[in-house]
Amino acid sequence: QVQLVESGGGLVQAGGSLRLSCVASGNIFRINNMGWYRQASGKQRELVADITSGGTPNYADSVKGRFTISRDNAKKTVSMQMNSLKPENTAVYYCAASGIRTWAQTLNDVWGQGTQVTVSS
């Protein structure tokens, strides 16, 4: 069974930094895209950043220059360094992956359980 498990959320003051990590487990031999989404209270889930298996990143305009996404294909992990955090970045952050190839099938839209990030003013 394929699972994504996030870690690294928490409470930080405005201007501070956090690093989120996500590891994929299961009988996986390739993952195409991995990324991070967030959902603030009362709002829709939105893309924060994602990255291809070749390492090409894509960022939401609101986080460009402050967040950096990276991945380690061998370890099946994706991380996101978040700097200069703002109160409006407060949300539950979800790891997501698509194009997960296992021996039996290819899975899309696999999500982690989410990790809370709270930025105080």
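N32 and S53 share no donor-acceptor pair across their side chains, judged by distance under 3.5 Å alone. Side-chain atoms of Q44 and Q39 form no donor-acceptor pair, as typed in the model, at a separation below 3.5 Å.
In plain terms, the two heavy atoms of S84 and R66 that are nearest each other are O-NH1, 2.8 Å.
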Legend entry - Chi angles and distances behind the side chain to side chain contact (heavy atoms under 4.5 Å, CB included) call for L20, V117: CA-CA 9 Å; L20 304 182; V117 170; 4.0 Å; yes
Inset, instruction - Could you walk me through whether M82 and S17 pass side chain to side chain contact (heavy atoms under 4.5 Å, CB included), step by step? - result: CA-CA 5 Å; M82 305 186 294; S17 299; over 6 Å; no
Inset, instruction - Go through F29 and W103 one step at a time and tell me if the side chain to side chain contact (heavy atoms under 4.5 Å, CB included) criterion holds. - result: CA-CA 8 Å; F29 67 90; W103 297 110; 4.2 Å; yes
Inset, instruction - Take Q116 and T118, measure what side-chain hydrogen bond (donor to acceptor under 3.5 Å, both in side chains) needs, and give me the verdict at the end. - result: CA-CA 6 Å; Q116 177 70 45; T118 302; 3.3 Å; yes
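Applying the salt bridge (Lys or Arg N to Asp or Glu O under 4.0 Å) rule to E46 yields the partners R38; only residues at least two apart in sequence or on another chain are considered. Residues meeting the ring-ring contact (aromatic ring centres under 6.0 Å, His included) test with Y59, sequence neighbours left out: none. Here K43 pairs with A40 under the side-chain contact (heavy atoms from CB on, under 4.5 Å) rule; sequence neighbours left out. Take V110 and apply the side-chain contact (heavy atoms from CB on, under 4.5 Å) test, not counting sequence neighbours, and it matches V2, L4, I100, L107. For N73, the side-chain contact (heavy atoms from CB on, under 4.5 Å) partners two or more places apart in sequence, or in a different chain, are R71.
Rounding to the nearest 0.5 Å places CZ of R19 at 10.0 Å from CG of N83. Here N33 contributes atom CG and I51 contributes atom CD1; the two are 9.0 Å apart, rounded to the nearest 0.5 Å. Within the model, atoms CG of D50 and OG of S98 stand 8.0 Å from one another, a figure rounded to the nearest 0.5 Å. Interatomic distance, I31 CD1 to T106 OG1, rounded to the nearest 0.5 Å: 11.5 Å.
Not less than 6.0 angstrom separates the ring centroid of W36 from the ring centroid of Y94.
The side-chain heavy atoms of I69 and V78, taken from C-beta on, include a pair separated by under 4.5 Å. Within the 4.5 Å cutoff, the side chain of L47 has heavy atoms near those of the N58 side chain. Counting heavy atoms from C-beta outward, M80 and T68 have side chains that stay 4.5 Å or more apart.
V23 and Y93 are assigned to two separate hydrophobic clusters, defined by single-linkage of ILVMFWY side chains at heavy-atom distances under 4.5 Å. Hydrophobic clustering of Ile, Leu, Val, Met, Phe, Trp and Tyr side chains at less than 4.5 Å, counting indirect connections, unites V12 with V48.
Between the side chain of E6 and the backbone N or O of G114 there is at least one donor-acceptor pair closer than 3.5 Å. Using modelled atom types, no side-chain atom of S21 and backbone atom of S7 make a donor-acceptor pair closer than 3.5 Å.
Within the structure, no pair that satisfies the salt bridge (charged side-chain N to carboxylate O under 4.0 Å, His left out) test touches residues 86-114, not counting sequence neighbours.
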